[in-house]
Number of protein chains: 4
Amino acid sequence: MESNDTVITDEPTRGRPRDPSRDEAIIDAAIDVLVRDGYDRLSMEGVATAAGVGKATVYRRWSSKAELVIDAMATLKPAIDSIDTGSLEGDIELVVAASCSPHSQRLFQVMVSICSALPREPELLAAFKTRFTEPRIARMTDILERARGRGELGPDIDVAMAASLVPSLMLQRALMTGQPAGRGYAEQIVGSVLLPVLGRPPRPISTKDAETPHD
Amino acid sequence: MESNDTVITDEPTRGRPRDPSRDEAIIDAAIDVLVRDGYDRLSMEGVATAAGVGKATVYRRWSSKAELVIDAMATLKPAIDSIDTGSLEGDIELVVAASCSPHSQRLFQVMVSICSALPREPELLAAFKTRFTEPRIARMTDILERARGRGELGPDIDVAMAASLVPSLMLQRALMTGQPAGRGYAEQIVGSVLLPVLGRPPRPISTKDAETPHD
Amino acid sequence: MESNDTVITDEPTRGRPRDPSRDEAIIDAAIDVLVRDGYDRLSMEGVATAAGVGKATVYRRWSSKAELVIDAMATLKPAIDSIDTGSLEGDIELVVAASCSPHSQRLFQVMVSICSALPREPELLAAFKTRFTEPRIARMTDILERARGRGELGPDIDVAMAASLVPSLMLQRALMTGQPAGRGYAEQIVGSVLLPVLGRPPRPISTKDAETPHD
Amino acid sequence: MESNDTVITDEPTRGRPRDPSRDEAIIDAAIDVLVRDGYDRLSMEGVATAAGVGKATVYRRWSSKAELVIDAMATLKPAIDSIDTGSLEGDIELVVAASCSPHSQRLFQVMVSICSALPREPELLAAFKTRFTEPRIARMTDILERARGRGELGPDIDVAMAASLVPSLMLQRALMTGQPAGRGYAEQIVGSVLLPVLGRPPRPISTKDAETPHD
DNA sequence: CCTTAATCGAGACGGTACGTCATGTCTTGGG
DNA sequence: CCCAAGACATGACGTACCGTCTCGATTAAGG
């Protein structure tokens with residue numbers, strides 16, 4: 001996905017080689033500008049300025065902002081690593097922790113910044129799913145499938161829907177409030193929604209942590 | 001919120017009065033352009049052209065695109081009317097029907113088009129909540145509170161969270177697919193998520209209607 | 001030649017009419033920039049800035065710098081009006097006066113600024129001849145033909161060549177010195193070259209006015 | 001003026017010596033680009049590309065395009081060698097032949113390409129006179145002075161002006177037509193202008209060779 | 001009826017941001 | 001140390017819009 005992979009044709013590398021530190025600076029600046037201004041207001045020139053780089057240096061690597069943003073998304077680490085504590089409750093606890101980590105919060109900001117361009121940019125949508133949506137759901141699906149294998153889940157559970165609940169509601173919360181959701185809200189989702197969906201009794205949250213979904 | 005309310009000072013209305021049909025044409029065009037291009041790419045000039053109207057006619061009424069869009073949102077009817085069939089099941093059935101009506105689908109498109117500008121425009125966010133989010137949640141909260149009054153809900157149910165589930169997940173679906181969600185998906189949300197959250201057993205859906213949340 | 005002559009199709013003049021003062025400001029600025037920077041270094045943006053005008057205002061009228069410069073040349077008055085004193089000597093005296101007038105000197109500066117682009121721009125060359133070269137030669141040819149009709153010139157005189165001598169040598173002088181030639185040089189051309197070519201004895205010039213052709 | 005003269009300090013010449021063939025290639029390319037694009041459009045990069053040479057190789061030798069062009073002009077042989085046939089008529093015949101030789105025609109193209117930059121580049125103007133203008137005039141002045149010594153010229157002849165006539169009018173012709181003047185035009189200058197200026201009767205030219213000065 | 005005044009569509013205006021391109025400098029690997 | 005290739009920061013260019021301003025024409029209300 002990176003634009004500067006020479007793949008097979010290893011030409012003798014003529015001329016001055018590209019400075020790898022520029023790639024990183026541009027990608028970092030692109031993320032910053034994206035979060036600050038949103039996808040539609042992001043311009044290649046703005047990214048170049050924010051990166052302290054000439055415009056030509058940006059265009060030499062990425063010929064359009066869609067390609068740049070897609071590559072920038074690709075460099076962001078997935079929010080949730082593989083999880084397997086041996087019990088559903090333990091796994092969910094780790095999911096909650098991962099979903100409200102600082103890195104995950106930044107990912108939510110990026111997602112919010114991009115989302116309204118998705119209907120008009122199919123390639124952006126595809127990358128968005130590949131990089132953000134699917135990894136989260138895949139981890140959660142793994143957890144639920146293992147729990148089902150251990151007999152912890154009944155046969156009626158809609159695993160696909162359950163797996164999407166936490167990221168969907170967290171993103172929704174970020175959209176509606178302008179700020180990424182915190183740990184309190186993640187626990188509320190788990191206690192009020194995810195556990196009942198999985199056939200467990202709801203787990204009330206302490207009053208001080210209670211949050212309404214859209215404030 | 002409408003800009004052309006004469007407030008108190010009813011001057012003798014000298015000169016040619018404004019043509020009310022222009023207001024409607026501009027608002028309609030604003031919605032169309034909003035859905036087609038998104039909030040950030042919407043321009044006053046584009047709206048004027050789409051409405052077949054001079055730019056001055058637009059600026060005479062709304063001095064910025066934020067004001068125009070806010071007023072345009074205000075003219076959209078809420079998606080869900082007051083509902084009270086006497087039973088929780090009946091009410092939820094009507095909610096499902098309302099949530100996937102053509103009018104509601106258009107509302108979701110508008111919401112998607114606006115959402116990424118929300119972090120940068122507090123007034124837009126406020127109007128968004130007032131016009132879109134809160135009416136939906138309020139209707140659902142009413143339904144759930146009445147059901148609780150009838151003893152149909154246990155005391156542990158997180159009503160606020162439950163009330164936000166359907167609109168949140170429907171909007172999420174629209175974001176991720178580029179198309180508004182249909183009836184099949186609304187029923188899946190109810191069967192797989194809302195009913196368990198309300199303490200009822202899940203209601204499996206027919207295989208042909210099953211949809212994964214993000215495709 | 002002006003770009004904004006509506007010619008035949010007199011549409012009902014919809015919209016705001018163009019401001020004629022802008023045309024003049026742009027043309028004047030174009031001449032200034034042309035003399036200062038030369039044709040190749042002249043840019044539409046530079047003209048717009050010098051005219052205190054937006055770039056769009058320039059491009060709305062002239063779509064390329066060749067068109068702008070051609071129209072700018074068209075607004076410059078010819079250097080020499082029609083001349084007929086009744087005698088060859090009297091006519092030549094007036095030609096000398098006209099050839100070193102301030103207006104004529106400015107025309108020479110413009111000609112110098114344009115000349116090196118002529119080989120690469122046929123339309124510019126055509127306009128150059130029409131506006132600068134031919135009027136000068138035509139006036140001089142008229143004078144010489146009338147003199148011939150009065151019997152003042154012998155039959156061997158090459159009128160076409162003689163008519164081109166003064167402007168050619170004046171322009172050459174401007175090219176070689178960076179400054180338009182003055183009256184002394186014009187008289188030297190007449191006394192040392194034109195009169196002998198016309199079959200008259202040379203007229204020596206006072207020593208103090210003598211100039212070498214390329215200093 | 002050549003940049004690669006080691007002057008006095010003959011350092012031990014460390015490292016790889018410069019390749020003299022590069023100097024020639026660059027100079028030749030500079031002349032080609034100059035004639036093709038004109039002085040203002042000539043760029044160091046364009047010259048390097050045309051010469052099949054790296055930009056650094058050009059800048060190592062000449063630090064600006066003015067220096068490069070001045071040196072390029074210096075390598076061009078003068079158009080007219082020393083002439084002395086013993087008679088004025090014979091000398092003039094050789095001058096005509098030299099003035100329309102292929103090499104002289106190329107020189108005129110170079111002169112046309114440079115001329116409009118002269119008002120803005122004093123050093124270029126100085127080199128232009130030294131390399132192009134003065135040699136031509138000096139040869140012609142020599143011829144005329146010798147003729148005067150032989151008693152072939154009257155005392156009133158303006159030698160300096162007469163010496164400049166042929167090159168001035170030939171260059172003018174090249175400017176106005178885009179093509180270097182040919183032999184027919186050179187003979188016309190001599191017959192119609194130079195001979196009368198020198199006190200001789202005009203020499204009519206055959207009708208087929210007649211040319212108007214600016215077509 | 002006729003004046004007055006604010007409206008309307010259309011488009012010109014100054015300004016600005018964009019992506020492209022060219023310039024001169026710097027930095028590779030190789031000779 | 002030279003050479004060809006080309007990456008680099010900078011900046012100018014022509015284009016495309018934006019929001020404001022200005023035109024002739026239209027339309028109602030007040031005299």
Side-chain angles (χ1 to χ4, degrees), chain A residues 4 11-22 41-49 51-61 63-65, chain B residues 11-22 25 41-46 48-49 51-61 63-65, chain C residues 4 11-22 41-49 51-61 63-65, chain D residues 11-19 21-22 41-46 48-49 51-61 63-65:
Chain A
N4 50 350
E11 307 168 7
T13 326
R14 310 208 308 171
R16 176 177 174 176
R18 291 185 184 168
D19 183 344
S21 73
R22 300 299 145 192
R41 306 193 87 89
L42 175 145
S43 70
M44 300 295 259
E45 175 154 39
V47 171
T49 301
V53 149
K55 279 187 280 189
T57 303
V58 178
Y59 278 101
R60 201 174 291 121
R61 292 164 161 80
S63 61
S64 72
K65 83 171 169 179
Chain B
E11 306 169 5
T13 327
R14 313 213 311 163
R16 176 178 175 177
R18 289 186 185 169
D19 182 346
S21 74
R22 300 298 99 191
R41 307 194 85 87
L42 175 145
S43 71
M44 301 297 258
E45 175 154 37
T49 301
V53 150
K55 278 188 284 187
T57 304
V58 178
Y59 278 103
R60 202 174 289 119
R61 291 164 162 81
S63 61
S64 73
K65 83 171 170 181
Chain C
N4 49 349
E11 307 168 6
T13 324
R14 311 206 306 172
R16 175 178 177 177
R18 291 186 184 168
D19 184 345
S21 73
R22 300 300 146 195
R41 307 194 87 88
L42 175 146
S43 71
M44 299 297 259
E45 175 154 40
V47 171
T49 301
V53 149
K55 278 187 280 189
T57 302
V58 179
Y59 279 102
R60 202 174 289 119
R61 291 163 163 78
S63 61
S64 71
K65 80 171 169 180
Chain D
E11 306 168 6
T13 325
R14 314 208 315 160
R16 175 177 173 177
R18 287 187 184 168
D19 182 348
S21 73
R22 299 300 100 191
R41 305 193 88 87
L42 175 146
S43 70
M44 299 297 258
E45 176 155 37
T49 301
V53 150
K55 276 190 286 185
T57 303
V58 178
Y59 278 102
R60 202 174 291 119
R61 290 164 164 79
S63 62
S64 73
K65 82 172 170 180

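Chain letters run A, B, ... following the sequence lines, proteins first, then strands; residues in each count from 1.
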Take the protein atom CZ of R14(B) and the nucleotide atom C1' of dT3(E), then report the distance between them rounded to whole Å. 11 Å

Candidate nucleotides dT28(E), dA4(F), dC13(E), ranked by approach to the side chain of P17(A) - the nearest: dT28(E)

Which residue lies toward the 5' end of DNA chain F, T57(D) or D19(A), if each is placed at its nearest nucleotide? T57(D)

Quick one: closest heavy-atom pair of A51(B) and A25(B), and the distance? CB-O, 3.6 Å

Which atom pair, heavy atoms only, marks the closest approach of R61(A) to D19(A)? NH2-O, 3.1 Å

Hey, which of these two, G52(B) or V53(C), hits DNA chain E nearer its 5' end, going by closest nucleotide? G52(B)

Candidate pair R60(D) and T57(D), rule side-chain contact (heavy atoms from CB on, under 4.5 Å), full reasoning: CA-CA 5 Å; R60(D) 202 174 291 119; T57(D) 303; 4.0 Å; yes

Expected rows: protein N/O vs nucleotides 18-20 of chain F N/O, under 3.5 Å:
| from | atom 1 | to | atom 2 | distance (Å) |
| --- | --- | --- | --- | --- |
| dC18(F) | OP1 | S43(B) | OG | 2.4 |
| dC18(F) | OP2 | E45(B) | OE1 | 2.7 |
| dG19(F) | OP2 | M44(B) | N | 3.4 |
| dG19(F) | OP2 | Y59(B) | OH | 3.0 |
| dG19(F) | O5' | Y59(B) | OH | 2.6 |
| dG19(F) | N7 | K55(B) | NZ | 3.3 |
| dG19(F) | O6 | K55(B) | NZ | 3.0 |
| dT20(F) | O4 | K55(B) | NZ | 3.2 |

Closest contact, heavy atoms only, L42(C) versus K65(C): O-NZ, 3.1 Å

Quick one: R22(B) CZ to dA10(E) P, roughly how many Å, whole number? 10 Å

Any idea which heavy atoms bring R22(B) and G52(B) closest together, and the distance? NH1-O, 4.1 Å

Atom of M44(A), atom of S63(A) and distance for their closest heavy-atom approach: CE-C, 4.4 Å

